[in-house]
Amino acid sequence: RTVNMAYNGRQEEGIANLSSLIAKNTKFISLFVGGNYICDKGLKNLIKYLQEGSKISYLFLDNNNITMKGAEYLAELISYHPFIRAINLKNNKISDEGVIMLFNAIEKGTKIISLDLTNTNITNKSIDRMAIAFKGKKTIGNITLNRNKLGNESCVSLGKFISSNESIIDLNLSKCVLAEGIEKLFEQLSKNKALTRIDMSKNSLGKKNQSFLSIIPCLKENKFLTEINFDDNGLDDTDIKILCHAISENHTIKKISIKSNDYSSEILPDLLTGIEKSGIIRYLEYDTSKFSQVEQKQIEFTLQKNINKK
């Protein structure tokens, strides 16, 4: 049921031959062609055959040379091919114009459940359109937007998306330049009714950012999040103590990650108290080098107590 031709160096001619094969076999549902130097022309050929009876539902086009024009062809496929459920466009230079065409097609009713737009040169313009395209839709479960310069303004649009969508369960926002607008995002995250996992690593949320204080009411009110990633955000002792206060009032988060930050072992008492009061945190990924073996055992012991409750 899967065709895996990723990183085969097939390029244009090879993709054309592969496309013909796929069109003749309706049993295939997953197609992996990442890392094959596919340009817009090759994608056009591929899509031509996909429209001729293919049942491909999961399309992985990551790490190719697809641009805005290729996104236009893909939008056409989405509009007329009812089977598409997941698309991976990671590391393609799609741009806002291309992604907006995709969202225009998605809004018409396509039942996309997973979309990866990592490092596709998009900004807040795409996020504005995404919030509208997925409003009220009950199919999308996973969206990855990592390594795009979305900017602080996008926090408002992301917030609208989170609060208005009741199916998204996994949102990845690593390295998206969100620091100064994070208060707006946290405000809407508190109203979330579906999202269970969010990755906010590498966004410089610490570094004396007063907006980080808004994580307290956010996690206190949120009843759905089970996993959150704050790795590599420049969080110092003060920031981690704020986070510990927040998790102490949340009773759904089971896993939290705070690796590669700027805190010290001085936060240990607050960390232990936060874990204990939450009553449910079972997994903590942290910088073990910052704590002695005795302190690490204290952390693991406190986590184990929550695990034993079940």
Side-chain angles (χ1 to χ4, degrees), residues 90-91 118-119 144-150 170-183 185-186 189 195-216 218-220 222 225-310:
K90 178 180 178 180
N91 296 332
T118 296
N119 192 29
T144 300
L145 302 168
N146 297 341
R147 292 163 49 208
N148 284 296
K149 294 181 180 179
L150 303 184
D170 192 344
L171 182 60
N172 298 283
L173 299 169
S174 178
K175 204 173 183 180
C176 287
V177 196
L178 303 176
E180 293 180 17
I182 202 63
E183 186 173 356
L185 180 56
F186 282 155
L189 186 58
L195 192 66
T196 60
R197 179 187 177 280
I198 188 167
D199 180 355
M200 302 188 69
S201 60
K202 300 182 179 181
N203 276 296
S204 299
L205 301 183
K207 303 185 185 300
K208 311 301 180 183
N209 183 2
Q210 290 299 310
S211 297
F212 193 67
L213 281 166
S214 56
I215 190 66
I216 296 176
C218 170
L219 294 190
K220 181 178 180 180
N222 188 284
L225 276 176
T226 61
E227 183 177 342
I228 193 163
N229 186 337
F230 282 126
D231 289 349
D232 200 2
N233 267 297
L235 302 179
D236 60 15
D237 286 0
T238 299
D239 299 316
I240 295 297
K241 288 179 180 180
I242 290 171
L243 181 58
C244 290
H245 181 182
I247 61 176
S248 72
E249 300 194 42
N250 177 282
H251 305 293
T252 60
I253 294 178
K254 296 180 180 180
K255 181 177 180 179
I256 190 163
S257 187
I258 53 172
K259 295 183 298 183
S260 301
N261 280 294
D262 299 333
Y263 54 84
S264 70
S265 61
E266 295 297 317
I267 55 102
L268 182 63
D270 298 88
L271 192 58
L272 296 177
T273 299
I275 294 171
E276 186 172 2
K277 285 188 174 181
S278 82
I280 195 168
I281 292 180
R282 299 171 182 177
Y283 308 98
L284 175 68
E285 295 186 359
Y286 62 100
D287 298 317
T288 56
S289 62
K290 297 181 186 293
F291 300 93
S292 67
Q293 289 189 344
V294 172
E295 291 170 329
Q296 291 178 48
K297 288 181 179 179
Q298 286 180 278
I299 294 173
E300 298 309 315
F301 177 75
T302 307
L303 291 169
Q304 189 61 47
K305 285 200 297 185
N306 285 346
I307 293 173
N308 292 341
K309 288 180 181 179
K310 289 189 177 180

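Given the structure is predicted, the values throughout are model-derived calculations rather than measurements. Counting begins at 1 with the first residue of the sequence.
The structure places OG of Ser278 at 11.5 Å from NZ of Lys254, a figure rounded to the nearest 0.5 Å. A distance of 9.5 Å separates CG in Asn308 from CZ in Arg282, rounded to the nearest 0.5 Å. Atom SG in Cys244 sits 12.0 Å away from atom CD1 in Ile215 (nearest 0.5 Å). Ile258 contributes atom CD1, which lies 11.5 Å from atom CD1 of Ile228 (distance to the nearest 0.5 angstrom). To the nearest 0.5 Å, the span separating NZ on Lys220 from NE2 on His251 amounts to 9.5 Å. Distance CG/Asp270 to CD1/Ile242: 10.5 Å, rounded to 0.5 Å.
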Worked check of side-chain contact (heavy atoms from CB on, under 4.5 Å) between Ile275 and Leu303: CA-CA 7 Å; Ile275 294 171; Leu303 291 169; 3.8 Å; yes

Ile256/Leu243 under side-chain contact (heavy atoms from CB on, under 4.5 Å): CA gap, chis, key distance, verdict: CA-CA 10 Å; Ile256 190 163; Leu243 181 58; 3.9 Å; yes

Step by step, work out the side chain to side chain donor-acceptor pair (under 3.5 Å) result for Arg197 and Asn172. CA-CA 8 Å; Arg197 179 187 177 280; Asn172 298 283; 2.7 Å; yes

Criterion side-chain contact (heavy atoms from CB on, under 4.5 Å) on Leu225 and Leu219, from CA distance to verdict: CA-CA 8 Å; Leu225 276 176; Leu219 294 190; 4.1 Å; yes

Give the C-alpha distance, both sets of side-chain angles, the deciding distance and a yes or no for side-chain contact (heavy atoms from CB on, under 4.5 Å) between Asn203 and Cys176. CA-CA 6 Å; Asn203 276 296; Cys176 287; 3.9 Å; yes

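Smallest separation of non-hydrogen atoms from Glu295 and Leu268: CG-CD2, 3.5 Å. Of all heavy-atom pairs spanning Glu249 and His245, the tightest one is OE2-NE2, 2.9 Å.
Using a distance-only test at 3.5 Å, with no hydrogens or angles considered, no donor-acceptor pair links the side chain of Thr144 to the main chain of Asn146. Formation of a donor-acceptor pair under 3.5 Å by the Lys290 side chain with backbone atoms of Asn261 is found in this model. In this structure a side-chain-to-backbone donor-acceptor pair under 3.5 Å is present from Gln296 to Phe291.
Side-chain contact check for Ile299 versus Leu271: some heavy-atom pair is nearer than 4.5 Å. With contacts defined as side-chain heavy-atom distances shorter than 4.5 Å, the pair Asn222/Leu195 does not qualify. Looking at heavy atoms from C-beta onward, Leu272 lies in side-chain contact with Gln298 at the 4.5 angstrom threshold. Here the side chains of Lys202 and Ser174 are in contact, with some heavy-atom distance below 4.5 Å. A 4.5 Å side-chain heavy-atom check between Leu145 and Thr118 finds every atom pair outside the cut-off. Contact check for Ile281 versus Ile247: side-chain heavy atoms found under the 4.5 Å cut-off. Contact annotation: the side chain of Thr226 never approaches that of Ile253 to less than 4.5 Å [non-hydrogen atoms, C-beta and beyond]. Annotation: side chain of Ile182 is in contact with side chain of Met200 (closest heavy-atom distance under 4.5 Å).
Salt bridge status for Asp287 with Lys259: absent, with no side-chain N to carboxylate O gap under 4.0 Å. The pair Lys255-Glu285 counts as a salt bridge, with a side-chain nitrogen and a carboxylate oxygen less than 4.0 angstrom apart.
Here the two rings, on Tyr286 and Tyr263, have centers that are 6.0 Å apart or farther. Separation of the Phe230 and Phe212 ring centroids falls under the 6.0 Å cut-off.
Applying the salt bridge (charged side-chain N to carboxylate O under 4.0 Å, His left out) rule to pairs touching residues 230-241 yields Lys208-Asp236, sequence neighbours excluded.
Glu276 CD: 12 or fewer foreign heavy atoms inside a 6.0 Å radius.
Each of Leu185, Leu189, Asn250, Leu213 was evaluated against Cys218; a single residue qualifies, Leu189, per the side-chain contact (heavy atoms from CB on, under 4.5 Å) test.
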